[in-house]
S.K.: 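Okay, here's the structure, questions in a sec.
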Amino acid sequence: MEGLTDAGSDELAHAVIGSVFRAGDTGYEVSRRVFNAMVDRRPAAVVRPRGRSDVVAVVRFARRHGLLVSVKGGGHSVAGHAVHDGALMLDMCELRSVDVDPVTEVAVVEPGATLADLDAATSRVGLATPTGVVSMTGVAGLTLGGGLGWLSGKYGLACDNLLAVEVVTADGEVLMVDDDRHPDLFWAVRGGSGNLGVVTSFVFRLHPVASVIAGGITYSPATGPEALCDYHRIAEAAPDEVSMSASIWRDSQGRARLSVGVCDVRTQASDSETIRALRAIGPVEAEELAPVAYRDLQRASDGGFPPGRQHYWKSGSLVAMPGHVAEAMFELVEQKPSAASGVGLQQFHGAASRVGSSDTAFPNRRPHHDLQILSQWPSASESEKNIAWTRALFDAMRPALDGSVYVNNLGEEGRERTRAAYGPNLSRLEEVKRQYDAENFFRLNHNVAPAAAS
């Protein structure tokens with residue numbers, strides 16, 4: 001990269017309607033901060049676009065000046081790809097509108113919207129679309145990487161509910177993309193992460209969802225690893241309408257504990273077969289299952305991810321739960337150096353698992369649990385021991401993992417792990433990348449390199 005001169009900054013400021021910030025500006029410092037406090041990078045400049053034309057202008061400016069471009073939607077990626085040293089940063093925070101048509105059950109969403117923005121707009125008319133489970137997350141990054149959440153068993157992933165996107169390509173062209181227009185690119189953006197361009201508009205299919213039966217069950221301290229195996233068997237038999245997650249955490253006495261989260265879209269299902277089976281796993285210490293507004297469920301986990309913490313995650317696809325793996329999980333959770341860290345198992349099943357593995361770029365469609373080792377701690381001085389613990393737990397889980405990984409949970413873990421995220425769809429992604437970004441301009445991501453010209 002050639003860098004950005006003062007003259008270049010002036011040229012950029014005249015090329016866009018939105019704001020341009022350089023080092024020393026208040027807006028610059030606000031924009032470059034992301035969810036993971038381990039990420040402390042300094043872009044050449046930050047642009048907050050006011051519309052599609054600003055995005056086009058930034059891409060074309062960057063190409064002329066030998067700069068790369070990063071994109072910040074919600075900034076909630078653990079890898080921190082929204083911000084890079086010396087790059088131009090597109091901070092989409094002023095493009096957050098959500099336009100809902102309750103008749104056609106469609107939402108048009110701008111790229112800076114968060115899950116909270118989307119849920120607020122759709123819930124007003126009793127509709128929703130599958131997204132993630134932490135409301136501060138950006139819609140854009142989540143959807144481009146897949147989008148697994150509470151509604152995925154019934155309605156699929158976020159990317160499965162995309163009807164169309166508007167994309168600014170590496171050449172600065174604007175394309176409307178769907179099943180009929182540029183279908184190869186539409187295939188690729190549904191799971192290919194940020195590799196194919198800057199999406200400036202998402203069109204989602206919505207579903208009637210106003211309230212759900214949701215909450216959690218926490219088991220007594222006497223309930224051990226065998227209960228986690230029981231949970232896994234119950235989850236494998238759960239109907240599409242029920243999506244679950246398990247969390248293993250440490251209480252104030254230093255004991256590893258099991259809790260299970262539940263979302264059932266059938267609002268009359270407070271005593272369903274699945275819930276009765278969960279109650280029978282072991283002594284229940286606390287149960288909070290009741291009808292709740294879906295929007296409230298979406299915000300329920302937000303408190304567990306306060307700003308300013310250091311984050312290091314490891315993730316994989318867990319397809320079985322043998323007893324020795326459950327025992328290792330409980331044992332190592334009791335050794336975790338940070339009380340804020342934990343282990344989550346997010347269920348992947350139902351409608352999301354019945355999409356063909358090559359129908360979209362999102363590859364791993366077999367039923368499984370997304371294993372998330374979510375380490376977080378307050379101070380950089382504690383990083384070494386927390387990272388070591390996370391890696392040790394992940395290594396202990398390997399016998400139950402299939403080698404794949406959900407790209408939205410992937411940190412900076414090397415080329416092989418990136419290849420594992422795209423799996424058998426990588427070669428096709430490389431071909432689409434060559435067609436739309438042959439020079440790999442969009443490479444500040446979990447990168448797919450263009451296929452070599454034949």
Side-chain angles (χ1 to χ4, degrees), residues 128-133 146-158 160-161 207-219 223 225-248 257-282 284 286-292 294 297-298 300-301 315-323 325-326 329 343-357 362 364-372 400-402 404 406:
T129 199
T131 55
V133 297
L148 173 63
W150 290 118
L151 300 182
S152 294
K154 180 64 175 176
Y155 297 118
L157 302 178
D160 299 333
N161 288 272
H207 306 275
V209 179
S211 63
V212 294
I213 299 291
I217 297 175
T218 296
Y219 298 94
T223 305
E226 67 279 358
L228 184 58
C229 300
D230 291 339
Y231 158 77
H232 194 268
R233 286 191 290 270
I234 293 167
E236 288 181 316
D240 293 0
E241 292 82 4
V242 180
S243 288
M244 292 185 285
S245 67
S247 61
I248 300 87
R257 305 282 297 277
L258 172 66
S259 296
V260 173
V262 179
C263 173
D264 192 329
V265 298
R266 302 168 300 182
T267 55
Q268 306 302 316
S270 58
D271 195 36
S272 68
E273 180 179 351
T274 301
I275 291 174
R276 290 196 299 272
L278 290 173
R279 290 180 181 131
I281 283 178
V284 173
E287 177 181 324
E288 297 180 2
L289 289 169
V292 298
Y294 174 70
L297 172 63
Q298 286 288 87
S301 298
S315 179
S317 300
L318 186 144
V319 294
M321 183 57 75
V325 169
M329 193 179 300
V343 180
L345 298 170
Q346 190 172 11
Q347 186 182 22
F348 188 108
H349 76 132
S353 69
R354 288 193 292 273
V355 177
S357 61
F362 186 93
N364 187 9
R365 295 292 185 162
R366 66 186 294 191
H368 64 274
H369 275 80
D370 180 34
L371 168 70
Q372 303 167 311
L401 304 179
D402 69 1
S404 66
Y406 179 26

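By convention here, the first residue in the shown sequence is residue 1.
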S.K.: Looking only at heavy atoms, which two atoms of Pro367 and Val319 are closest? And how far apart?
M.R.: O-CG1, 4.5 Å

S.K.: Quick check for you: to the nearest 0.5 Å, what is the distance between Leu371 atom CG and Asp402 atom CG?
M.R.: 11.0 Å

S.K.: Run the salt bridge (charged side-chain N to carboxylate O under 4.0 Å, His left out) test against Arg365 and tell me which residues pass, sequence neighbours left out.
M.R.: Asp160

S.K.: Is there a donor-acceptor pair under 3.5 Å between the side chain of Ser243 and the backbone N or O of Trp150?
M.R.: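 Flag set: sc Ser243 to bb Trp150 pair under 3.5 Å.
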
S.K.: Answer yes or no: are there more than 12 heavy-atom neighbours, outside Glu288 itself, under 6.0 Å from its atom CD?
M.R.: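 It does not: Glu288 CD has 12 such atoms or fewer within range.
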
S.K.: Working to the nearest 0.5 angstrom, can you tell me the gap between Asp230 CG and Ile281 CD1?
M.R.: 5.5 Å

S.K.: Nearest 0.5 Å please: distance from the CZ atom of Arg233 over to the CG atom of Leu228.
M.R.: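 With rounding to 0.5 Å, CZ (Arg233) is 10.0 Å from CG (Leu228).
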
S.K.: Might you point out which heavy atoms bring Cys229 and Gly323 nearest each other, and give the distance in Å?
M.R.: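 Smallest heavy-atom distance, with atoms named: SG-CA, 3.9 Å.
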
S.K.: Has Arg257 got a side-chain atom pairing as donor or acceptor with Tyr219's backbone, closer than 3.5 angstrom?
M.R.: yes

S.K.: Examine distances only and state if a side-chain atom of Ser152 and a backbone atom of Gly156 form a donor-acceptor pair shorter than 3.5 Å.
M.R.: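 Between the backbone of Gly156 and the side chain of Ser152 there is a qualifying donor-acceptor contact (under 3.5 Å).
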
S.K.: Nearest 0.5 Å, what's the CG-SG distance between Leu151 and Cys263?
M.R.: 6.0 Å

S.K.: When the ring centroid of Tyr406 is compared with that of His368, is the distance short of 6.0 Å?
M.R.: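 No.
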
S.K.: What class does the angle between the rings of His207 and Tyr155 fall in, given that below 30° is parallel, 30 to 60° is tilted and above 60° is perpendicular?
M.R.: parallel

S.K.: Grab the two heavy atoms, one from Val209 and one from Ala128, that are nearest each other, plus how far apart they are.
M.R.: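 For Val209 and Ala128, the tightest heavy-atom pair comes out as CB-CB, 3.9 Å.
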
S.K.: Set out, in order, the CA-CA distance, both residues' side-chain angles and the distance that settles side-chain contact (heavy atoms from CB on, under 4.5 Å) for Thr218 and Val284, then state yes or no.
M.R.: CA-CA 6 Å; Thr218 296; Val284 173; over 6 Å; no

S.K.: Yes or no on side chain to side chain donor-acceptor pair (under 3.5 Å) for Thr274 and Asp264, after CA distance, side-chain angles and deciding distance?
M.R.: CA-CA 10 Å; Thr274 301; Asp264 192 329; over 6 Å; no

S.K.: With rounding to the nearest 0.5 angstrom, report the CE to CD distance, Met321 to Glu226.
M.R.: 12.5 Å

S.K.: Write down the atom of Val242, the atom of Gln347, and the distance for their closest heavy-atom approach.
M.R.: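 Closest heavy-atom pair between Val242 and Gln347: O-OE1, 3.8 Å.
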
S.K.: To the nearest 0.5 Å, tell me how far Leu148 CG sits from Phe362 CZ.
M.R.: 7.0 Å

S.K.: Which pair of non-hydrogen atoms, one from Leu345 and one from Leu318, has the smallest distance, and what is that distance?
M.R.: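 Result for this residue pair: CD2-CD1, 4.2 Å.
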
S.K.: Report the C-alpha distance between Thr131 and Gln298 in whole Å, list the side-chain angles of each, state the deciding distance to 0.1 Å, and finish with yes or no for side chain to side chain donor-acceptor pair (under 3.5 Å).
M.R.: CA-CA 9 Å; Thr131 55; Gln298 286 288 87; 3.0 Å; yes

S.K.: Check Asn364 against Phe348 and note the closest heavy-atom contact, atom names and distance.
M.R.: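 So the two residues come closest at O-CZ, 3.5 Å.
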
S.K.: Check the pair Ser247 / Val343 against side-chain contact (heavy atoms from CB on, under 4.5 Å), numbers first and verdict last.
M.R.: CA-CA 6 Å; Ser247 61; Val343 180; over 6 Å; no

S.K.: Looking at side-chain heavy atoms only, is the closest gap between Ile275 and Leu289 below 4.5 Å?
M.R.: yes

S.K.: Take Asp240 and Arg266 through the test salt bridge (Lys or Arg N to Asp or Glu O under 4.0 Å) and record every step on the way to the result.
M.R.: CA-CA 10 Å; Asp240 293 0; Arg266 302 168 300 182; over 6 Å; no

S.K.: Less than 4.5 Å apart, any side-chain heavy atom of His369 and any of Gln346?
M.R.: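 Side-chain contact under 4.5 Å: no.
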
